[in-house]
**Student:** 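Dropping a structure here in structure tokens format, bear with me for questions.
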Amino acid sequence: QVQLVESGGGLVQTGGSLRLSCAASGRTFSTYGMGWFRQAPGKDREFVANIRWSTGSTNYADSVKGRFTISRDNAKNMVYLQMNSLKPEDTAVYYCAAKSPWWAAAYGYWGQGTQVTVSS
């Protein structure tokens with residue numbers, strides 16, 4: 001059973017940085033795609049970034065391009081989201097997700113989420 005556990009959220013001022021971590025366990029993830037999503041109060045969950053585990057190729061939402069970086073550590077089975085130049089509109093619960101194979105339409109595994117709050 002795949003388990004995803006996020007950490008690293010918190011309160012930060014506008015312009016600050018945070019790094020979110022996602023510990024993945026229960027499978028060999030070489031065929032998986034991993035993603036970060038977020039959900040702000042009263043809004044739908046939205047895509048932030050994804051990475052293909054085997055190649056490291058990435059995609060980003062336009063709203064975070066140039067500010068956020070997704071990466072993975074194969075040896076530690078970790079996925080990271082480095083968030084720089086944070087804005088109040090980045091405030092949300094951030095979720096780590098996984099899908100197999102990497103080209104699957106939907107993510108089948110989700111973490112519990114970690115809160116990110118950006119104060120103005």
Side-chain angles (χ1 to χ4, degrees):
Q1 181 71 10
V2 173
Q3 287 192 315
L4 304 173
V5 179
E6 303 97 334
S7 61
L11 174 65
V12 64
Q13 291 186 332
T14 297
S17 298
L18 281 175
R19 189 178 81 155
L20 304 184
S21 300
C22 174
S25 62
R27 289 288 189 276
T28 300
F29 289 94
S30 58
T31 62
Y32 276 64
M34 306 296 293
W36 286 98
F37 291 76
R38 66 187 182 186
Q39 187 167 21
K43 295 188 177 181
D44 293 334
R45 186 166 57 193
E46 65 174 0
F47 167 77
V48 175
N50 65 16
I51 186 167
R52 181 179 171 184
W53 195 284
S54 59
T55 63
S57 63
T58 59
N59 293 287
Y60 297 91
D62 287 343
S63 59
V64 307
K65 206 170 290 184
R67 299 188 298 123
F68 291 10
T69 302
I70 187 172
S71 62
R72 89 278 190 243
D73 185 323
N74 287 337
K76 297 181 179 179
N77 268 11
M78 296 290 293
V79 179
Y80 304 101
L81 186 68
Q82 178 66 45
M83 305 186 295
N84 299 328
S85 302
L86 283 161
K87 305 174 182 180
E89 51 264 43
D90 295 318
T91 295
V93 177
Y94 283 71
Y95 297 90
C96 178
K99 60 179 179 177
S100 178
W102 63 268
W103 62 86
Y107 286 82
Y109 305 97
W110 294 85
Q112 82 288 351
T114 186
Q115 176 70 47
V116 172
T117 303
V118 184
S119 63
S120 57

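What you see is a predicted model; the values in this text were computed from it and never measured.
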**Student:** Side-chain heavy atoms nearer than 4.5 Å, only ILVMFWY residues, links allowed to pass through others: does that put Tyr32 and Tyr107 together?
**Tutor:** no
**Student:** To the nearest 0.5 angstrom, please state how far the CG atom of Leu11 sits from the OG1 atom of Thr117.
**Tutor:** 6.0 Å
**Student:** Walk me through it: do Phe68 and Asp90 pass the test side-chain contact (heavy atoms from CB on, under 4.5 Å)?
**Tutor:** CA-CA 11 Å; Phe68 291 10; Asp90 295 318; 3.9 Å; yes
**Student:** Do other residues, nucleotides or ligands put more than 12 heavy atoms under 6.0 Å from Asp44 CG?
**Tutor:** no
**Student:** Determine, using the 4.5 Å side-chain heavy-atom cutoff (strictly less than), whether Val93 and Trp36 are members of one ILVMFWY cluster.
**Tutor:** no
**Student:** Hey, quick one: are Ile70 and Val64 part of the same hydrophobic cluster, counting side-chain heavy atoms closer than 4.5 Å, chains of contacts allowed?
**Tutor:** yes
**Student:** Hey, mind stepping through Phe29 and Arg72 against side-chain contact (heavy atoms from CB on, under 4.5 Å) and telling me if it holds?
**Tutor:** CA-CA 11 Å; Phe29 289 94; Arg72 89 278 190 243; over 6 Å; no
**Student:** To the nearest 0.5 angstrom, please state how far the OG atom of Ser120 sits from the NZ atom of Lys87.
**Tutor:** 14.0 Å
**Student:** Which residues end up grouped with Trp102 if you chain together Ile, Leu, Val, Met, Phe, Trp and Tyr wherever their side-chain heavy atoms are less than 4.5 Å apart?
**Tutor:** Trp103
**Student:** Indicate yes or no for a side-chain donor-acceptor contact from Ser21 to the backbone of Tyr80 under 3.5 Å, with no hydrogens or angles considered.
**Tutor:** no
**Student:** Hydrophobic clustering (ILVMFWY, side-chain heavy atoms < 4.5 Å, transitive) - are Leu4 and Trp110 grouped together?
**Tutor:** no
**Student:** Looking only at atom types and distance, does a side-chain atom of Arg52 sit under 3.5 Å from a main-chain N or O of Ser57, one as donor and one as acceptor?
**Tutor:** no
**Student:** Run Trp53 and Thr28 through side-chain contact (heavy atoms from CB on, under 4.5 Å) and show every step you take.
**Tutor:** CA-CA 10 Å; Trp53 195 284; Thr28 300; over 6 Å; no
**Student:** Verify the cluster assignment for Val116 and Tyr60: are they in a single hydrophobic cluster under the rule of side-chain heavy atoms below 4.5 Å apart?
**Tutor:** yes
**Student:** Would you confirm whether Thr91, through its side chain, and Val118, through its main-chain N or O, come within 3.5 Å as a donor-acceptor pair?
**Tutor:** yes
**Student:** Using modelled atom types only, decide if a donor and an acceptor are shared between the side chain of Gln112 and the backbone of Glu6 within a distance under 3.5 Å.
**Tutor:** yes
